[in-house]
Amino acid sequence: MPNILAVYGSPRREGNTALLLNRAVEGARENGADVQEVWLPDLNMSPCLEIYGCKRNGRCVIQDDFQALYDRLLACDGLMLASPIFFYAVSAHTKILMDRCQSLWVKKYWIEKAAVGQGLPKRKGIFISVGATNGKRLFDGALLSMRYFFDPLDMELWKTLLYRGLDFEGDVLKHPDFLEEAYEAGKCLCEAISMRSSK
Ligand SMILES: Cc1cc2nc3c(=O)[nH]c(=O)nc-3n(C[C@H](O)[C@H](O)[C@H](O)COP(=O)(O)O)c2cc1C
């Protein structure tokens, strides 16, 4: 049974990204995945303090809720991460998680001395995002960050679900097609992971 981690990065519990990720979770569960959900705003997580305690063994030395999340990130077969666009970037909650994963970057490139750009990622993930406006470049910043965040996780950014023009809480409910797409993405992620592990 694939083990998928679903990470909610918006401060709004009933917000647009949360509703979309929730549908993706339902889709993955429908296909038999064991999905663990994590709400970043519920966690006590310091930003990265750039002290590089992680140079010793690739583990962040700040003792807070990131420690358990780090273990979950390493253990999962797939990741579904959702964040709204805030000033053309991810939310602060999401960015804190990403920065704390510098410990994984240190593990991969400084400790294990992996060659940059070599080796196929072993796992797969989905990024879901939403913004209020319709700007062509609305997701450029977040996508660039996401690409570099998935790399030390040894994960392929397998699918992105990006929706413009959604601002108020629940706006996405007016777009059942978006929610259906998220549901299908969750289902397909579970299938893709199962296929890979049965090879
Ligand atoms: C601090 C802040 C910054 C925002 N910056 C942008 C932005 O740069 N571009 C945009 O289109 N929407 C922006 N928005 C709007 C949110 O992306 C939008 O309301 C989205 O639906 C929120 O998703 P959520 O309901 O999952 O929290 C911003 C909202 C906030 C609160």
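We count ligands from 1, going down the list as the structure has it; atoms in each ligand are counted the same way. We're numbering straight along the sequence, starting at 1. Everything quoted here is computed from the prediction, not taken from an experiment. Computation of the quantities below employed the complete heavy-atom set of this structure, encompassing side-chain atoms and omitting hydrogens, waters and symmetry-equivalent molecules.
- The protein heavy atom nearest to atom 12 (N) of ligand 1 is Ala132 N, 3.2 Å.
- Every atom of ligand 1 is numbered from 1 in the order shown, and the set under 4.0 Å from a heavy atom of Val130 is 17 (O), 20 (C), 21 (O).
- Among protein heavy atoms, atom 19 (O) of ligand 1 sits closest to Asp167 OD1, 2.7 Å.
- Between Tyr163 and Phe178, the ring planes lie parallel to each other; the angle is under 30°, not in the 30° to 60° tilted range.
- In terms of protein heavy-atom proximity, atom 6 (C) of ligand 1 is nearest to Ile85 O, 3.3 Å.
- Listed by chain and residue number, nothing satisfies the ring pair (Phe, Tyr, Trp, His ring centres under 6.0 Å) test with Tyr183 (two or more places apart in sequence, or in another chain).
- Checked by distance only, ligand 1 and Phe87 come closer than 3.5 Å through their nitrogen or oxygen atoms.
- Taking every non-hydrogen atom of Gly15 and a distance limit under 4.0 Å, the qualifying atoms of ligand 1 come out as 25 (O), 26 (O).
- Counting heavy atoms from C-beta outward, Leu173 and Leu179 have side chains that approach closer than 4.5 Å.
- Taking atom 26 (O) of ligand 1 as the reference point, the nearest protein heavy-atom neighbour is Thr17 OG1, 2.5 Å.
- Ranking the protein heavy atoms by distance from atom 20 (C) of ligand 1 puts Leu166 O, 3.5 Å first.
- When only interatomic distances are considered, the shortest N/O to N/O separation between Phe168 and ligand 1 does not fall below 3.5 Å.
- Remark: Tyr109 OH is packed, more than 12 non-hydrogen atoms of other residues, nucleotides or ligands lying under 6.0 Å away.
- Considering only non-hydrogen atoms, atom 29 (C) of ligand 1 lies nearest to Phe86 out of Phe139, Phe86, Tyr163, Tyr8.
- Between the side chain of Asp34 and the main chain of Asn3, no donor-acceptor pair closer than 3.5 Å is present.
- Of all heavy-atom pairs between Gly78 and Ile193, the closest is CA-CD1, 3.7 Å.
- Across Lys107, Arg123, Lys108, a single residue satisfies salt bridge (charged side-chain N to carboxylate O under 4.0 Å, His left out) together with Asp154, and that is Lys108.
- Residue Glu50 places its CD atom among 12 or fewer non-hydrogen atoms of other residues, nucleotides or ligands, all under 6.0 Å distant.
- Residue, atom and distance of the protein heavy atom nearest to atom 11 (O) of ligand 1 are Thr133 OG1, 2.7 Å.
- Put simply, the side chain of Arg100 gets close to the backbone of Ser46: a donor and an acceptor are under 3.5 Å apart.
- Atom 23 (O) of ligand 1 has Pro84 CB, 3.2 Å as its closest protein atom, hydrogens excluded (heavy atom only).
- Residue contact check: Arg12 has heavy atoms under 4.0 Å from atoms 19 (O), 21 (O), 22 (C), 24 (P), 25 (O), 27 (O) of ligand 1.
- The distance from ligand 1 to the heavy atoms of Gly131 drops below 4.0 Å at these ligand atoms: 11 (O), 17 (O).
- Distance alone, capped at 3.5 Å, places no donor-acceptor pair between the Asp99 side chain and the Cys48 backbone.
- For ligand 1, the polar-atom distance check against Leu138 finds no nitrogen or oxygen pair separated by under 3.5 Å.
- Heavy-atom contacts of Ser10 reach the following atoms of ligand 1: 24 (P), 26 (O), 27 (O) (cutoff under 4.0 Å).
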